[in-house]
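What follows is one structure encoded as structure tokens, with my remarks underneath.
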Amino acid sequence: MVVVITNCTNRKRRPVTSGLSAASLAVGDLASVAEEWGRRLQCPAPRFPVLDLYGGRSFQEAKASATAIRANLFIVSAGLGLIEAAGEIPSYACTVATGAVDGIGPKVLGDFSSADWWAQLNQVSPFTIKLADVFSGNGSELFLAALSDSYIRMLSPDLLALADSDLLKLRLFTRAPIEGIPDRLRQCVMPYDDRLDGPQSLVRGTRSDFAGRSLRHFTDYVLPGTEGFTAQQHRKSVELAMAGWSFPVSVERGRLSDDQILDLLNKHWEEARGSTSVLLRLFRDKLNVACEQSRFATLARHVRMERANG
């Protein structure tokens, strides 16, 4: 049996349960903030299927990969811990992303470490599963983990605490710089690079969904027939699969004001069926417009709300 692990990305549209937004927490030391967050998670609240709460292309690619290879899917959540996709959870808003409205970092006095937050979260969350228990309890041949840079930093202590025999089963998919990954984990990283966005790739996308797309390429084109390979053999298989691929051509894109981007969003909204990821690719690849991803997502939410309100 294979296990797929991915971090959560953009939530789908569900009202956040009252009190379950990191923005509503008082500022305090790490332990007190975690204790208060855990207390709120213990309160009765409506629960929804896990897969109804998460969206974003990287998550969808990981979900599709897990479905295709009949793997168990687990999600790394900065608000709940490590959770299984088959469960039910409350709608919440908590992230370790820098600058986010619902970021937990600004609520912690002093220097903030996502790894320290993760350690505290694992003590207070009623939803979390220990990573070591997932490895020991599944008897799996492979664990495929698609994780962003910030989530690898958050999860690194747990990954490094795994036995050598467990790390042999791990394959990491990420765009995080290899020099920022602990030495002991580097052997697990599959060597996908920017050629994944080149003209020969069938899974082109944005930097934010790189991890999920590389996982999807691996499960579709590399894993079949190689399930018993070592990490080194899988690395060579990935390199072979991308041999001859070209890097994407760097394009100078124009910058527009918020109003200009809003006009273009409305113009192309129906064409993209309201998909933020499709719209972003349209802006970058066809309209040749530069827009930082978080800014683009904020403007797209504005258009979505306006259209929903008629």
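As the structure is a computational prediction, the values presented were derived from the model and not from experiment.
- For the atom pair CG of L53 and CD of E88, the computed distance is 9.5 Å after rounding to the nearest 0.5 Å.
- Judged purely by distance below 3.5 Å, without hydrogens or angles, the side chains of S257 and Q260 pair a donor atom with an acceptor atom.
- A donor-acceptor pair under 3.5 Å is absent between the side-chain atoms of R153 and the main chain of A115, judged by distance alone.
- Minimum heavy-atom separation, S237 to V222: CB-CG1, 3.7 Å.
- Atom CD of E292 is surrounded by more than 12 heavy atoms from other residues, nucleotides or ligands within 6.0 Å.
- Looking only at atom types and distance, the side chain of R40 has a donor-acceptor partner in the side chain of S24 under 3.5 Å away.
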Would you check, one step at a time, whether the test side chain to side chain contact (heavy atoms under 4.5 Å, CB included) holds for L223 with L142?
CA-CA 10 Å; L223 184 61; L142 285 176; 3.6 Å; yes
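- Rounding to the nearest 0.5 Å gives a distance of 4.0 Å between CD1 of I104 and CH2 of W117.
- Hydrophobic cluster membership is shared by L160 and V76, with clusters built from Ile, Leu, Val, Met, Phe, Trp and Tyr side chains linked at under 4.5 angstrom.
- Residues H217 and F173 keep their aromatic ring centres 6.0 Å or farther apart.
- Residue E35 qualifies as open at atom CD: its count of foreign heavy atoms under 6.0 Å is 12 or below.
- More than 12 heavy atoms of other residues, nucleotides or ligands sit less than 6.0 Å from atom CG of D133.
- Taking the side chain as every heavy atom from C-beta outward, Q232 and Q187 never approach each other to under 4.5 Å.
- Side-chain atoms of D102 and S21 form a donor-acceptor pair, as typed in the model, at a separation below 3.5 Å.
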Test salt bridge (charged side-chain N to carboxylate O under 4.0 Å, His left out) on D263 and K267 and set out the steps.
CA-CA 6 Å; D263 286 342; K267 181 179 178 180; over 6 Å; no
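- A salt bridge is defined here as a Lys NZ or Arg NE, NH1 or NH2 lying under 4.0 Å from an Asp or Glu carboxylate O, and R216 with E61 meets this definition.
- A side-chain donor-acceptor contact under 3.5 Å links S77 and Y92.
- To the nearest 0.5 Å, the span separating CG on L73 from NZ on K63 amounts to 9.0 Å.
- Atom CD of E239 and atom CG of D193 lie 9.0 Å apart (nearest 0.5 Å).
- Side-chain atoms of N266 come within 3.5 Å of backbone N or O of L262 as a donor-acceptor pair.
- The closest donor-acceptor contact from the side chain of K107 to the backbone of A23 lies under 3.5 Å.
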List the steps, then state whether side chain to side chain contact (heavy atoms under 4.5 Å, CB included) holds for E271 with L282.
CA-CA 10 Å; E271 174 187 348; L282 175 71; 3.9 Å; yes
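- Linking Ile, Leu, Val, Met, Phe, Trp and Tyr residues whenever their side-chain heavy atoms come within less than 4.5 Å places W245 and V203 in a single cluster.
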Determine, stepwise, if the pair D164 / K169 fulfils salt bridge (charged side-chain N to carboxylate O under 4.0 Å, His left out).
CA-CA 9 Å; D164 289 341; K169 307 174 187 177; over 6 Å; no
Output, in order, the C-alpha distance, side-chain angles, deciding distance and verdict of side chain to side chain contact (heavy atoms under 4.5 Å, CB included) for I181 and V189.
CA-CA 9 Å; I181 294 175; V189 178; 3.8 Å; yes
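- Listed for the D29 side chain is a donor-acceptor partner under 3.5 Å among the backbone atoms of S32.
- A salt bridge is absent between R175 and D197: the closest approach of a Lys/Arg side-chain nitrogen to an acidic carboxylate oxygen does not fall below 4.0 angstrom.
- The backbone N or O of N122 sits nowhere less than 3.5 Å from a side-chain atom of S125 that would complete a donor-acceptor pair.
- Residues Y151 and I178 are members of one and the same hydrophobic cluster, defined by side-chain heavy-atom contacts under 4.5 angstrom among Ile, Leu, Val, Met, Phe, Trp and Tyr.
- The main-chain N or O of G225 is found under 3.5 Å from a side-chain atom of E227 such that the two form a donor-acceptor pair.
- W118 and L109 are assigned to two separate hydrophobic clusters, defined by single-linkage of ILVMFWY side chains at heavy-atom distances under 4.5 Å.
- Annotation: Y192 is not in aromatic contact with F210 [ring centroid separation under 6.0 Å not met].
- Listed for the R186 side chain is a donor-acceptor partner under 3.5 Å among the backbone atoms of E179.
- At a threshold of 4.5 Å between side-chain heavy atoms, the hydrophobic network of Ile, Leu, Val, Met, Phe, Trp and Tyr places L167 and V2 in one connected group.
- In this structure, Y221 places its OH atom where only 12 or fewer heavy-atom neighbours from other residues, nucleotides or ligands lie under 6.0 Å away.
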Show your reasoning for whether side chain to side chain contact (heavy atoms under 4.5 Å, CB included) applies to V134 and L82.
CA-CA 9 Å; V134 174; L82 182 65; 3.7 Å; yes
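- A salt bridge links R295 with D258: at least one charged nitrogen is closer than 4.0 Å to a carboxylate oxygen.
- Panel note: side chain S201, backbone L196; a donor-acceptor pair is recorded below 3.5 Å.
- Note: T230 OG1 to L168 CG = 9.0 Å, rounded to the nearest 0.5 Å.
- Within the model, atoms CD1 of I261 and CG of L279 stand 11.5 Å from one another, a figure rounded to the nearest 0.5 Å.
- Without hydrogens or angle criteria, R213 side chain to T206 main chain gives a donor-acceptor distance under 3.5 Å.
- Between the side chain of Q42 and the main chain of P126, no donor-acceptor pair closer than 3.5 Å is present.
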